[in-house]
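Fair warning: this is a prediction, and the values are worked out from it, not measured in the lab. Along the sequence shown, residues carry numbers from 1.
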Amino acid sequence: TLLGFVDEVAPAAVRVAQQRLGNGDVDGAIVLVRQALARDPGLAPAWGLLANIVADGGGDVDAVVREASAWGVVLTPSK
């Protein structure tokens with residue numbers, strides 16, 4: 001299945017997450033991004049997508065920035 005595939009390949013999970021987000025499935029996108037980050041915590045595109053999702057939902061983007069930073073990923077949130 002596709003989910004089995006994305007579980008094995010973190011960048012693919014991010015691409016599928018972007019598609020899900022585009023289709024309005026925010027929760028599904030977050031699950032896939034978190035799966036990608038569990039597989040590869042240094043995957044900058046995943047952190048960037050998560051920060052965008054959190055920002056769009058009015059969440060704590062600074063917390064995402066701090067979490068990413070702990071893995072060596074520097075995010076610069078857009079204001």
Not counting sequence neighbours, which residues clear side-chain hydrogen bond (donor to acceptor under 3.5 Å, both in side chains) with Arg34? List them please.
Glu67

Would you compute the distance between atom CD of Gln18 and atom CG of Asn23 and round it to the nearest 0.5 angstrom?
12.0 Å

Pairing residues for Val31 by the side-chain contact (heavy atoms from CB on, under 4.5 Å) criterion, not counting sequence neighbours
Gln35

How close do Ala29 and Ala17 get, counting heavy atoms only, and between which atoms?
CB-O, 3.4 Å

Are the side chain of Asp40 and the backbone of Gly42 linked by a donor-acceptor contact shorter than 3.5 Å?
yes

Rounded at 0.5 Å granularity, tell me how far CG in Leu43 sits from CH2 in Trp71.
12.5 Å

Answer whether the closest heavy-atom distance between the side chains of Val14 and Leu32 falls below 4.5 Å.
no

Do the side chains of Leu49 and Ile53 get nearer than 4.5 Å, heavy atoms only?
yes

Indicate the atoms forming the closest heavy-atom contact of Ala46 with Val33, along with that distance.
O-CG1, 3.4 Å

For Ala38, side-chain contact (heavy atoms from CB on, under 4.5 Å) partners two or more places apart:
none

Counterpart residues, side-chain contact (heavy atoms from CB on, under 4.5 Å), relative to Val64 (two or more places apart)
Trp47, Leu50, Ala51, Val54, Leu75

Check side-chain contact (heavy atoms from CB on, under 4.5 Å) between Asp56 and all other residues, then give those that pass, not counting sequence neighbours.
none

